[in-house]
**Student:** 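Have a look at this one before I ask anything.
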Amino acid sequence: MELSYQEKLTLIKLGELRKAKFEELVEKTGLDQVAVMRSILGLQAKGLAKLHERSERIVVLTETGEEYSKIGLPEWRALKVLREKGKVTLDDLSEVLSGDELKPIVGLLRSEGWANVRNEGGKLILEITEKGLNAGERPIDRALKLLAEKKTVPLSEIQKLVSVNELKRRKIAEEDTVTERTVEITPAGEELLKKGLELREQVSILTPELIKSGKWREVEFRRFDIKAPVRRLYPGKKQPYRAFLDKIRRRLIEMGFIEMTVESLVETQFWNFDALFQPQNHPARDWTDTYQLKYPTSGYLPGKELVERVKEAHERGLAGSRGWGYTWSPERAMLLMPRAHGTALSGRQLAKGVEIPGKYFTIQRVFRPDVLDRTHLIEFNQVDGFVVGENLNFRHLLGILKRFAVEIAGVEKVRFLPDYYPFTEPSVQMSAYHPELGWVEFGGAGVFREEMTRALGIDVPVIAWGIGIDRLAMFKLGIDDIRYLFSYDLKWLREARLVW
Ligand SMILES: N[C@@H](Cc1ccccc1)C(=O)O
C-alpha cells in the first residue's frame with residue numbers, strides 16, 4: 001500500500017491518539033487543514049482510518065450581544081436609572097440608551113412589570129414598581145452570561161432557558177451549524193503502524209542539485225494524481241469576443257490580407273454611399289437604415305477629380321452604363337453619419353490605390369437603427385474585405401466566403417441566396433445554420449459594379465463582402481443571444497473558451 005508522506009505522518013499521529021478531533025490532528029501533525037483533510041480522506045479510502053462528522057445547531061452572540069454582555073441589556077441600564085430616580089422621562093433614559101434601544105424600552109419595562117407608564121401633560125412618565133425594585137436575574141440574563149462565557153452554546157441548552165427566537169428578534173444572538181469531525185484509527189491502520197512506517201521526506205520538484213549530488217536516489221518522489229479534482233482558477237484574460245476578433249485579424253493577415261484601418265467612426269455620405277454608386281434620393285439608398293450626425297452635420301469631400309468622376313457615374317454613367325440619371329448634390333455627399341458598413345473603407349482603399357492582385361480586409365464597428373433582440377444590435381462589427389485581380393469571378397467569391405465561415409467561425413452549413421446591393425452585381429446573401437436559431441444571415445457579398453470601381457480608378461474585377469462578425473462569433477462562442485458578446489456576466493466571461 002502506498003502512502004504519501006502526509007498520510008504517513010497523519011496515521012502515525014493518529015496512532016498515538018487512537019481517536020482525535022480534526023483540530024487536534026492539525027495541531028499534532030503541524031500540517032495545514034487542507035493537507036490533513038486530504039490525508040484523512042486518503043487514509044479512509046485505504047481503510048486505515050475512519051472519519052466521523054457530526055453537525056450541531058449552536059447559538060452565538062452577535063456584535064450587539066457581545067456589547068450587551070459588557071454594558072448590560074438596555075432594560076437593566078434603564079432600570080438602574082429608574083432605581084436611582086424612581087420616576088423618569090424618556091429624555092432621562094436617553095443618557096444611557098441609544099436611539100434604537102430607546103424605542104422599545106417602554107414596552108420592555110412594562111412587560112417585565114418593572115415600571116408603570118403615565119401620561120403627564122403630554123409627556124411619558126415611567127415610574128418604578130415593586131417588581132422593578134426587587135428584580136433579579138432572569139432566564140435571558142443567564143443565557144446571555146452563558147453565551148458570553150462559552151462563545152458557542154448548543155441550541156438545545158439555550159432553548160432550556162429562553163426561546164432563541166427572542167434572542168434573534170432582539171439581535172442578541174444568532175443560530176449557526178458547526179460540524180464536529182473526529183477521526184479514528186481502524187484495526188488495519190493499527191496493524192500497519194505495528195509493522196512500522198518509514199517516514200521519508202517526499203520531494204515534489206526534481207532540482208538540478210538533486211541530480212548533480214546523486215541525492216535523487218535516496219529521496220522519495222511524491223506521486224501526483226493528475227485526475228484529482230482541483231480548484232478552478234480564473235486568471236485575467238482577454239474578453240472572449242475581443243479574443244475572437246483578434247484571432248480573425250491574425251488569420252486574415254496570415255492568409256495574406258492587408259488590413260485597412262481608419263481613425264474615426266464617423267463617415268461622410270460620400271464614402272458610405274456615393275463612392276459605392278449608391279444614388280442619392282433614390283430607393284436604392286434605402287437598402288439599409290442609417291443614422292445621421294446632428295453636429296457637425298457636414299464634413300469634407302476628397303479631391304475634385306475623384307468627386308467629378310463619381311458625380312459623372314451617378315448622373316450619366318460609366319463603362320457603358322447610363323447611370324442613375326439625376327442631379328448629384330455635393331452638399332448631400334458631405335453630410336456626416338456614423339459609419340453604416342465596413343464597405344466604406346473598401347471604397348476609400350480602392351480610391352487610394354491597391355496592389356493588383358491584392359487582398360484587403362478591415363474590422364469595423366458600424367451603426368444601424370434596429371430593434372434589439374437576440375440576433376440584432378444597433379452597433380455591431382463587420383469584417384469587410386475585397387480581392388482584386390485580373391481573372392476573378394463570382395465563383396471565387398463564393399469559395400472564399402465559404403472558407404471564412406467554416407474555418408473562422410466553425411460553421412457547418414452555409415447557404416447562399418441571391419440579394420440586392422446597389423454596389424454589387426451579382427449580389428449574394430449568406431446564411432449559416434445555427435443549432436438553436438436555425439438559419440442566421442451573416443453577411444452580403446458580390447462583384448463590385450464597374451460604375452463604382454472605374455470611378456475610383458480600378459479597371460479589373462473586385463469581389464467584395466461584408467460579414468456581420470458578431471453573428472459568426474455566436475457560433476464560435478456557443479451563445480444564442482448576440483447581446484451576450486458584451487455581457488458582464490462573470491460566469492460567462494470566466495468560462496468562455498478562448499482556444500480553438
Ligand atoms: N455592406 C453590405 C455587405 C456587402 C459588402 C460588400 C459587398 C456586398 C455586400 C452590408 O453591410 O450588408
Side-chain angles (χ1 to χ4, degrees), residues 248 252 257 260 262 265 267-279 283-291 337-351 354 358-370 375-389 392-405 408-409 414-432 439-453 455-456 458 460-473 482:
I248 288 180
L252 287 168
F257 280 83
M260 306 180 280
V262 69
L265 297 173
E267 193 63 275
T268 51
Q269 286 206 6
F270 182 84
W271 289 115
N272 199 85
F273 293 130
D274 301 89
L276 305 182
F277 196 59
Q278 299 187 65
R285 182 160 294 197
D286 298 334
W287 63 277
T288 176
D289 284 338
T290 57
Y291 289 111
M337 59 188 288
R339 190 172 291 111
H341 58 170
T343 321
L345 262 79
S346 298
R348 280 174 175 273
Q349 185 67 50
L350 289 168
V354 288
K359 307 190 257 193
Y360 294 80
F361 83 100
T362 186
I363 301 181
Q364 288 299 318
R365 175 68 59 105
V366 299
F367 304 84
R368 293 183 202 171
D370 214 326
T375 55
H376 290 89
L377 294 171
I378 54 174
E379 191 181 319
F380 57 102
N381 295 279
Q382 285 188 323
V383 175
D384 256 75
F386 63 86
V387 180
V388 46
L392 287 174
N393 61 41
F394 195 58
R395 291 176 59 105
H396 293 119
L397 178 63
L398 299 188
I400 292 177
L401 294 171
K402 190 152 183 199
R403 229 185 115 186
F404 279 173
I408 295 183
V414 188
R415 178 172 84 174
F416 296 107
L417 292 176
D419 204 352
Y420 174 79
Y421 293 102
F423 35 92
T424 45
E425 183 58 42
S427 306
V428 65
Q429 175 223 101
M430 304 138 346
S431 303
W439 288 103
V440 177
E441 191 187 329
F442 69 91
V447 182
F448 276 148
R449 286 168 72 142
E450 277 186 61
E451 293 100 320
M452 166 188 160
T453 49
L456 299 179
I458 307 289
V460 289
V462 183
I463 55 182
W465 62 87
I467 291 175
I469 200 64
D470 315 62
R471 294 222 182 134
L472 281 193
I482 202 162

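Note that ligands are numbered from 1 as they come in the structure, with each ligand's atoms numbered from 1 the same way. Only a predicted model underlies this, so the values are computations on that prediction, with no experimental measurement involved.
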**Student:** Check ligand 1 against D384 and write out every atom of the ligand that is under 4.0 Å from a heavy-atom position of the residue.
**Tutor:**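 Listed by number with element: 5 (C).
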**Student:** Tell me if a side-chain donor or acceptor on E267 pairs with a main-chain N or O of F273 at a distance below 3.5 Å.
**Tutor:**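 No; zero donor-acceptor contacts below 3.5 Å.
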**Student:** Check contact between G443 and ligand 1, using heavy atoms of the residue and a distance below 4.0 angstrom.
**Tutor:**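 G443: no contact with ligand 1 (<4.0 Å).
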**Student:** Which of the numbered atoms in ligand 1 are under 4.0 angstrom from any heavy atom belonging to T424?
**Tutor:**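 The list of qualifying atoms is 7 (C), 8 (C).
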**Student:** Using a 6.0 Å cut-off, check whether atom CZ of R403 has over 12 heavy atoms from anything other than its own residue.
**Tutor:**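 No, because the 6.0 Å sphere around CZ of R403 holds 12 heavy atoms or fewer from other groups.
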**Student:** Polar contacts were defined as any N/O atom of the residue lying under 3.5 Å from an N/O atom of the ligand; does this apply to Q382 and ligand 1?
**Tutor:**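 Q382 vs ligand 1: N/O contact under 3.5 Å present.
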**Student:** Please state whether the rings of F257 and F361 are parallel, tilted or perpendicular, taking 30° and 60° as the class boundaries.
**Tutor:**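 Answer is perpendicular, since the angle exceeds 60°.
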**Student:** How far is atom 10 (C) of ligand 1 from its nearest protein heavy atom, and which residue and atom name does that atom have?
**Tutor:**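 I find the closest protein heavy atom is R368 NH2, 3.3 Å.
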**Student:** Only heavy atoms of G466, strictly under 4.0 Å: list the atoms of ligand 1 that pass.
**Tutor:**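 It comes down to these atoms of ligand 1: 3 (C), 4 (C), 5 (C), 6 (C).
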**Student:** If I apply the N/O under 3.5 Å rule, does H341 come out as touching ligand 1?
**Tutor:**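 For ligand 1, there is an N or O atom that lies under 3.5 Å from one belonging to H341.
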**Student:** Does either side chain, that of D384 or that of T343, offer a donor lying less than 3.5 Å from an acceptor on the other one?
**Tutor:**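 Yes, side-chain donor-acceptor contact under 3.5 Å.
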**Student:** Which ligand 1 atoms, with their elements, are less than 4.0 angstrom from a heavy-atom of W465?
**Tutor:**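 Once the distances to W465 are compared, the set is 5 (C), 6 (C).
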**Student:** Are any of the side-chain heavy atoms of M430 and I467 separated by less than 4.5 Å?
**Tutor:**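 With C-beta onward as the side chain, the pair touches.
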**Student:** Could you tell me the residue and atom name of the protein heavy atom closest to atom 4 (C) of ligand 1, and the distance to it rounded to 0.1 Å?
**Tutor:**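 In this structure, atom 4 (C) of ligand 1 has G444 O, 3.5 Å as its nearest protein heavy atom.
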**Student:** Show me which atoms of ligand 1 lie under 4.0 Å from any heavy atom of F423.
**Tutor:**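 Near F423, meaning under 4.0 Å from one of its heavy atoms, ligand 1 has 1 (N), 4 (C), 6 (C), 7 (C), 8 (C), 9 (C).
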**Student:** Any chance you could measure L350, atom CG, to L345, atom CG, to the nearest 0.5 Å?
**Tutor:**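 If we round to the nearest 0.5 Å, L350:CG and L345:CG are 10.5 Å apart.
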**Student:** Once rounded to the nearest 0.5 Å, what's the spacing between atom CD1 of I400 and atom CG of L392?
**Tutor:**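 It is 7.0 Å, given to the nearest 0.5 Å.
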**Student:** Suppose we measure from atom 1 (N) of ligand 1 to each protein heavy atom; which comes out shortest, and what is that distance?
**Tutor:**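 The closest heavy atom on the protein side is T343 OG1, 2.8 Å.
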**Student:** Please evaluate residues Q278 and M452 with respect to the criterion side chain to side chain contact (heavy atoms under 4.5 Å, CB included), reporting the C-alpha separation (whole Å), side-chain torsions for both, the decisive distance (0.1 Å), and the verdict.
**Tutor:** CA-CA 9 Å; Q278 299 187 65; M452 166 188 160; over 6 Å; no
